[in-house]
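Predicted, not measured: the structure shown is a model, and the values here were computed from it. Lettering of chains follows the sequences in order, A, B, ..., and the numbering in each one begins at 1.
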Amino acid sequence: MELLKTNVISRVEAALEAIGGDADLVKSLLQPAREADQGDLTLPCFPFAKALKKSPVSIAEELRAAMENHESIGDINAVNGYLNIRVNPVWLANHLLSVGVDNGMEKAKRSVLIEHTSANPNGPFHVGRARNAILGDTLVRLHRLWGNEVTAEYYVDDMGKQVAVLAWALNALSRDDVEALLEGREAPNPLWASKPDHQRVRWYQAAQLLRKESEQSPEIEKAIGALVHASENGDEAVLESFEAAYQPVLDGMLATLGRLGITYDRFTKESVFVTNGDVASLMDELGALAINGHAENGAQYLDLGERGLKGKTEFFYRRGDGSSLYATRDIAYHRWKWTQSNELINVLGEDHKLQAQQVGLTLEELGEPRPEVMFYSFIKLPEGKMSTRQGNVVFMDDLLEEAKAQAANVVSERRPEYDEESVATIAEAVGTSAVRFNIVNVSPEKGFTFRWEDALSFEAGSAPFVMYSHTRACSILRNVEQHLGANPQAPEFTIDANMPDGLIQLLRTLAVHDDCLEKVIREHRPHLFAEYILQLSNAYNGFYRDCHILDGDEVNGFYFAVSELARSTLNSGMEALGIQRLETM
RNA sequence: GGGCGUGUAGCACAGCUGGAUAAUGCACCGGCCUCCUAAGCCGGAGAUCGCGGGUUCGAAUCCUGCCGCGCCCGCCA
């Protein structure tokens with residue numbers, strides 16, 4: 001609890017000095033107490049034992065006696081060698097209700113460019129890719145909650161083999177060809193018959209099969225290779241045909257993402273950096289570097305071993321035929337990004353770790369900073385890795401549809417009085433929120449296996465739990481407004497020093513909102529904020545249990561003010577996590 | 001083989017810039033709707049923190065060795 005710490009640190013330091021200890025250690029040692037029932041802040045006294053030649057237990061006791069009081073301090077105790085400080089709930093309530101949860105903290109607003117998703121537009125958005133989009137979008141929202149200006153950017157891979165395959169297939173294969181080739185595979189879901197991403201992926205999959213199995217494969221490879229080559233040399237006509245092939249697919253993917261509340265401020269096409277000459281001049285610059293090397297066929301690389309890269313140290317950026325590689329274009333893209341913003345964050349799968357390092361080291365070699373990266377592990381199916389190519393996927397469209405259907409079952413079971421339309425609205429909100437939450441809730445670097453029963457969990461520890469607490473708060477607001485009738489002014493109140501546990505617990509939870517958010521922003525770890533919002537919901541439920549805002553004819557103004565603060569904090573936190581905020585459910 | 005990551009109750013997952021009794025959810029056992037939405041609340045049971053060494057007053061957390069799992073090690077994207 002930074003709020004309490006800033007208020008009491010000088011007293012702790014003074015007390016320590018008074019008994020002869022090293023006060024410089026307090027800053028790093030004074031920390032949030034793990035045993036929450038003991039206090040909000042704790043100072044372990046073990047490190048002082050040697051210098052003072054006393055036991056930690058007696059040092060803690062002496063400190064407790066030497067501590068000068070402060071209005072923010074509720075009580076102080078010394079247990080097992082720890083000096084524990086508990087916040088004064090009345091002071092805290094006053095502070096939060098006048099200043100708000102951001103503690104009046106000085107925040108330097110930054111401008112941040114976050115690139116995420118950037119999936120190849122060759123088929124419907126599937127769950128394997130979802131972690132990137134959901135983590136990225138959540139990071140964008142969290143930065144906005146903190147007050148930063150954010151540009152969310154999608155880097156469109158509009159050249160290279162994947163798009164070339166799609167473009168070739170749409171041109172060379174008839175619908176009958178495609179269906180004949182894919183015979184025996186699972187039939188497409190008729191629900192998405194009119195969605196172009198679901199249609200066109202059939203051509204892509206058929207082409208991949210042909211490339212692998214057909215006897216005419218060499219010719220196909222040649223045709224596709226020619227397209228790739230042309231695109232990489234900036235052939236406008238080919239690039240246009242590529243765009244015609246992938247754009248409807250991308251639109252379909254974006255429709256799916258939109259259903260999850262994920263949107264982008266800008267789309268930047270990879271090919272731009274080829275056609276505008278940035279890539280060519282970049283390659284010239286790289287060629288002049290001291291660590292540049294030439295292969296026999298004229299290909300060029302940087303030897304990044306000199307810059308600390310381990311393993312294979314040669315990083316190729318130019319092919320023998322003079323064309324660029326994906327990573328080369330990525331470097332050009334990053335140089336451009338640095339002209340757009342002074343803070344860059346990329347969301348990347350763990351398979352990009354090596355390349356991100358190569359790109360980062362090369363940027364440094366060029367005198368540019370390297371971007372920050374949030375890496376995540378892939379979502380796998382119990383049967384193994386997902387792949388559009390092999391048709392071994394769970395499409396996000398299907399997951400969301402299933403989530404909605406299952407949520408609708410729950411809603412109509414619990415609220416038989418709701419009409420069909422309300423059920424559908426609630427089910428959509430619950431379904432999409434639950435899917436998002438179950439993905440942000442786990443730390444990105446942890447491997448993740450997709451299981452339907454987890455993705456569709458609607459109970460405590462999931463999005464609906466949070467949504468439910470929020471609707472309770474909304475319901476209270478409605479009831480109070482109704483009660484106040486023609487006189488809608490918020491009731492005046494005095495803060496009653498006699499506070500139930502649930503109330504104190506809620507205030508303490510509200511007080512650490514910004515501690516958590518600050519850390520989450522600094523370390524790119526959205527799951528910690530998801531956990532915080534869960535705690536806040538839980539604390540609200542405890543408050544709801546202990547504090548009746550409407551008691552007979554009376555509105556308890558103090559409780560109502562706390563409820564409203566919790567409601568708005570939940571509301572903004574849910575927005576940051578992409579959880580829908582329903583007023584009834 | 002090398003690099004990076006990961007291993008915590010039956011399952012899932014938090015804690016990892018060292019600090020008290022390892023948090024939470026599911027599943028399991030028991031209790032709570034004449035009272036602001038029970039998608040909730042209260043209580044119980046369940047953990048050799050992968051294994052071995054080391055550093056420390058103190059190790060899930062740091063160091064080291066081993067084992068399992070994942071990703072990467074293309075003039076692909």
Discussion item. Can you tell me if A:Arg472 touches the phosphate of B:A38, counting only side-chain N or O atoms and a distance under 4.0 Å to OP1 or OP2?
Written reply: yes
Item to complete: Tell me, please, whether A:Phe375 has A:Lys353 positioned over its six-membered ring: NZ or CZ under 6.0 Å from the ring centre and within 45 degrees of its axis?
Response: yes
Practice prompt. Using a 4.0 Å heavy-atom cut-off across all strands, classify A:Asp551 as base, sugar-phosphate, or nothing.
Written response: nothing
Discussion item. Whether the side chain of A:Glu232 engages the backbone of A:Ala230 through a donor-acceptor N/O pair (distance < 3.5 Å, no angle test) should be reported.
Written reply: no
Worksheet item: Has A:Tyr82 got its ring stacked on B:A20, by the test of a centre gap below 5.5 Å and a plane angle below 30°?
Response: yes
Practice prompt. Using a 4.0 Å heavy-atom cut-off across all strands, classify A:Cys45 as base, sugar-phosphate, or nothing.
Written response: nothing
Worksheet item: Which one, B:C75, B:G70, B:U37, comes nearest to the side chain of A:Thr471?
Response: B:U37
Discussion item. Quick check: on RNA chain B, is the nucleotide nearest A:Lys310 upstream (toward 5') of the one nearest A:Lys519, or the reverse? Name the residue that is more 5'.
Written reply: A:Lys310
Worksheet item: So, A:Asn132 versus A:Tyr376: side-chain donor-acceptor pair below 3.5 Å or not?
Response: yes
Worksheet item: Base, sugar-phosphate, or nothing for A:Asn556, non-hydrogen atoms under 4.0 angstrom?
Response: nothing
Response to the item:
Among B:G5, B:G7, B:C75, the one nearest any side-chain atom of A:Lys353 is B:G5
Practice prompt. Would you please say whether a donor-acceptor pair under 3.5 Å links the side chains of A:Asn346 and A:His334?
Written response: yes
Fill in: Donor + acceptor pair across side chains of A:Ser563, A:Tyr544 (<3.5 Å)
no
Worksheet item: Going through the distances and angles, do A:His470 and A:Phe465 end up as a ring-ring contact (aromatic ring centres under 6.0 Å, His included)?
Response: CA-CA 9 Å; A:His470 174 257; A:Phe465 174 79; over 10 Å; no
Item to complete: Identify whether any heavy atom of A:Leu325 sits under 4.0 Å from a base atom; if not, whether one sits that close to sugar-phosphate; answer base, sugar-phosphate or nothing.
Response: sugar-phosphate
Worksheet item: Would you say a side-chain N or O of A:Arg451 is under 4.0 Å from OP1 or OP2 of B:C13?
Response: no
Worksheet item: Less than 3.5 Å between a donor and an acceptor, one on the side chain of A:Glu531 and one on the base of B:A23, is that the case here?
Response: no
Discussion item. If I pick the P atom on B:G46 and the same atom on B:G10, what distance separates them, to the nearest angstrom?
Written reply: 11 Å
Could you list, one pair per line, each protein nitrogen or oxygen that sits under 3.5 Å from a nitrogen or oxygen of nucleotides 55-64 of chain B, together with the distance?
none

Fill in: A:Arg329 or A:Arg545, whichever maps to the more 5' nucleotide of RNA chain B
A:Arg545
Worksheet item: How would you label the contact of A:Glu583 with the nucleic acid (heavy atoms, under 4.0 Å): base, sugar-phosphate, or nothing?
Response: base
Worksheet item: How long is the line joining CG of A:Asn541 and P of B:U37, in whole Å?
Response: 13 Å
Worksheet item: Would you say the ring centroid of A:Phe315 lies under 6.0 angstrom from that of A:Tyr301?
Response: no
Discussion item. Once you apply a heavy-atom cut-off of 4.0 Å, does A:Ser323 come out as touching a base, just sugar-phosphate, or nothing?
Written reply: nothing
Worksheet item: Since syn is defined as within 90° of 0, does B:C11 count as syn or as anti?
Response: anti
Discussion item. With the criterion set at under 5.5 Å between ring centres and under 30 degrees between planes, would B:C35 be stacked on A:His548?
Written reply: no
Item to complete: Using the P atoms only, state how far B:G44 lies from B:C26, rounded to an integer number of Å.
Response: 16 Å
Practice prompt. Rounded off to whole Å, could you give me the CD-to-P distance for the A:Glu554 and B:C35 pair?
Written response: 20 Å
Worksheet item: Hey, does A:Met467 reach any base, or is it just sugar-phosphate, or nothing, if we go heavy atoms under 4.0 Å?
Response: nothing
Worksheet item: Which nucleotide, B:U37, B:C41, B:A20, lies nearest any side-chain atom of A:Gln38?
Response: B:A20
